[in-house]
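Sequential numbering from 1 along the given sequence is applied to the chain's residues.
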Amino acid sequence: MNDNVAKRRRRRKDGSEDDQNNYNKGSGGGGNNETSSENKEGNKTKGIKEIITSLLLFEEQEKCESEEWSKTHQDEKLLFEDNHKKKTKVMLDYFKKFQGSYHDLDQNDGLRRKRKSRATSAAVTAAAEIGSDPGGAAEGGGQQQRRLWKKIRSQAWWDECNSDEFSDDEFRKAFRMGKETFDLICNELSSVVAKENTTLRNAVPVRQRVAVCIWRLATGEPLRLVSKRFGLGISTCHKLVLEVCAAIRTVLMPKYLQWPPDEDSVKRIKDEFESVSGIPNVVGSMYTTHIPIIAPKASVSAYFNRRHTERNQKTSYSITVQGVVNPKGVFTDVCIGWPGSMPDDQVLEKSALYQRSRGGLLKGVWIVGSCGYPLMDWVLVPYTQQHLTWTQHAFNEKIWEIQRVSKEAFARLKGRWTCLQKRTEVKLQDLPVVLGACCVLHNICEMRNEPEVTCDIVDDEMVPEVGLRSATAMKARDAIAHNLLHHNHAGTSFLS
């Protein structure tokens, strides 16, 4: 412990001696301190000058950059204003040029309307003067009267077809029907399609009106060629086709395309179908076909026919025609105009036939359809599963005998009226009227035993999502199939 105290005292003594020495040195070296102070002040002054110089240099550099940026900005502004002035000038010149063109067009249209109005007024005045004074033209010493201008077209081809010397075979080849059938249609439609002559021109005769429509439907030729054959304007031919088709639908459809009106007619149809297939109570064979159309402007996807597009490798659009025919291939019901993307079962649900069945008017009878239709209390379809029994296979063959009647009827329909095989120029809203007229004309030709003209038809059938709509119908179908097999076995035993 004493040693530690001694060490502490020794340290304090050494520290006081060092402080004394330092004090002596400081008091003895005053000249050196003044010199060092002057050096420090010089260094400070030099540093301040350097800082001021640097600031001045930075300020000068910033000023130069600012002037350079201002000059560049001013140049770009001048260039932009110059380009804007040039573009504005070009646009104004372009606008003035178009204003001048529109002004010239308006003047020409005004002159054209004035000339047309003067010509029409002169023609009406001349016709009125001739009508009021029949001898005026002769008394005027041959004075020439102004008339309404009309383009002269040749009607030689139609005059030849309409003559008595034109053979019935050639007429049938051109119009898909004989002269007697054509005269029948003209007589039926004359009261609706006939027009009166005017003071300006004579009306197109009824026979020529009907001939234009039937030729257009039978050949499917463009209106430009129809116009040349009949010596009429293109717009006139288009108008005549629609007018005659509307008249056929209004006047002839209720008479020549109707559901069997009485029990005797229904019984005859049942007996004929049963003699063909052995299936009782069948009153019709049903089939749905597609008519190609040009892509519509609205609801394009609804009319897109995916199956025809995949098969033909070409984008196809279509509308549907569902028809029920009797054993002779005559249509008794049609449903026209639903989009081509709809399957057969949906088209059936949209039809008037389906509404008739819901009203109980088809109770106790069958309409035979393909596998694209569902099995219902009044729709009889073949078996569609993969592994069929002998009974089911035999039943499907009998169903095919009935189904073939409607398919062949549609083949004759498209064969006679070629316009149904190609995309037509008729607007979509007018197409149901045209197709309905084709079905009526088909029935008239079938009833009058006109020669058949057929074509190949391919309509892809899709099995409906719900193929069974009635358990009662399934039992009835199984019973019919069993009876058919039993009947065939009995007939075979009798023959042997």
Side-chain angles (χ1 to χ4, degrees), residues 171-172 175-194 206-207 209-218 240-270 272-273 283-289 291 321-337 351-353 356 361-362 367 405-420 430-454:
F171 192 91
R172 183 176 285 108
F175 295 94
R176 305 295 192 269
M177 62 181 66
K179 289 185 176 182
E180 293 183 1
T181 304
F182 181 80
D183 293 338
L184 170 68
I185 295 173
C186 292
N187 294 333
E188 294 275 2
L189 299 179
S190 60
S191 60
V192 180
V193 302
V206 172
R207 289 179 61 85
R209 289 173 176 270
V210 177
V212 168
C213 178
I214 293 179
W215 173 266
R216 165 81 164 146
L217 299 179
L240 291 179
V241 170
L242 296 181
E243 287 181 355
V244 175
C245 285
I248 291 174
R249 186 174 182 178
T250 304
V251 177
L252 300 182
M253 181 175 282
K255 185 176 180 179
Y256 292 98
L257 199 160
Q258 59 178 341
W259 194 255
D262 49 39
E263 289 296 329
D264 293 337
S265 302
V266 173
K267 187 177 185 305
R268 284 197 300 269
I269 293 175
K270 289 181 180 179
E272 291 184 30
F273 273 125
V283 296
S285 176
M286 182 165 55
Y287 188 80
T288 299
T289 190
I291 306 300
V321 177
Q322 173 191 284
V324 179
V325 302
N326 63 15
K328 301 184 184 308
V330 175
F331 289 102
T332 57
D333 183 88
V334 291
C335 177
I336 301 170
S351 65
L353 184 68
R356 191 182 299 132
L361 300 178
L362 299 178
I367 294 177
V405 176
S406 58
K407 190 170 184 178
E408 290 178 352
F410 272 101
R412 294 195 296 274
L413 173 72
K414 289 188 174 183
R416 278 195 181 100
W417 315 116
T418 314
C419 67
L420 305 182
D430 297 328
L431 202 52
V433 177
V434 176
L435 298 180
C438 290
C439 294
V440 174
L441 293 174
H442 164 86
N443 282 3
I444 295 174
C445 292
E446 292 289 319
M447 293 175 181
R448 297 182 63 84
N449 298 320
E450 294 290 345
E452 298 179 358
V453 182
T454 62

Check the pair D183 / R207 against side-chain contact (heavy atoms from CB on, under 4.5 Å), numbers first and verdict last.
-> CA-CA 8 Å; D183 293 338; R207 289 179 61 85; 2.4 Å; yes
Closest heavy-atom pair, C245 versus L217, reported as atoms and distance to 0.1 Å, is SG-CD1, 4.2 Å
> For G436, does its backbone N or O pair with a side-chain atom of R249 as donor and acceptor, under 3.5 Å?
Replying inline: no
In R416, R412, H442, R172, the residue satisfying side-chain hydrogen bond (donor to acceptor under 3.5 Å, both in side chains) with E450 is R172
Is it the case that the side chains of N187 and S190 hold a donor-acceptor pair, with the cut-off being a distance below 3.5 Å and no angle test? no
When rounded to the nearest 0.5 Å, the distance separating OH of Y256 from CG of L184 is 4.5 Å
Tightest non-hydrogen contact, residues L420 and C438, listed as CD2-SG, 4.1 Å
| field | I269 backbone acceptor or donor facing N326 side chain under 3.5 Å | value | no
Value for CD1 (I367) from OG (S406), rounded to nearest 0.5 Å, stands at 11.0 Å
Rounded to the nearest 0.5 Å, the CZ atom of F273 sits from the CZ atom of R268 at a distance of 13.5 Å
Self-check item: Pairwise side-chain contact, K407 with T289, heavy-atom cut-off 4.5 Å (strictly under)
Solution: no
Note: F410 and G323 closest approach over all heavy atoms is CZ-N, 3.6 Å
Q.
Measuring only between side-chain heavy atoms, which start at C-beta, is L189 closer than 4.5 Å to V206?
A. no
CD1 (I444) and CG (L252) are apart, to the nearest 0.5 Å, by 5.0 Å
| Does the side chain of K270 reach to within under 4.5 Å of the side chain of V283, using non-hydrogen atoms? | yes
Taking the side chain as C-beta and beyond, is there a heavy-atom pair between R448 and M177 under 4.5 Å? no
* To do: Give a yes or no on whether the backbone of V324 and the side-chain of T332 come within a donor-acceptor separation of less than 3.5 Å.
  => yes
Looking only at heavy atoms, the pair that brings F175 and W215 closest together is CE2-CB, 3.9 Å
Check your understanding: So F331 and Y287, ring-ring contact (aromatic ring centres under 6.0 Å, His included) or not? Walk me through it.
Key -> CA-CA 11 Å; F331 289 102; Y287 188 80; over 10 Å; no
Tightest non-hydrogen contact, residues R209 and V244, listed as O-CG2, 3.7 Å
(Q) Checking L441 against R176 for the side-chain contact (heavy atoms from CB on, under 4.5 Å) test, could you report, in this order, the C-alpha distance in whole Å, the side-chain angles of both residues, the deciding distance, and whether it holds? (A) CA-CA 10 Å; L441 293 174; R176 305 295 192 269; over 6 Å; no
Here the pair of heavy atoms bringing L257 nearest to D333 is CD2-N, 4.0 Å
Rounding to 0.5 Å, atoms CZ (R216) and SG (C419) come to a distance of 7.5 Å
Taken to the nearest 0.5 Å, the spacing of C213 SG from E243 CD works out to 10.5 Å
Check: With side chains defined as the heavy atoms from C-beta onward, is the minimum distance between K414 and I291 less than 4.5 Å?
Finding: yes
_Close side-chain approach of E408 and E452, heavy atoms under 4.5 Å_ = no
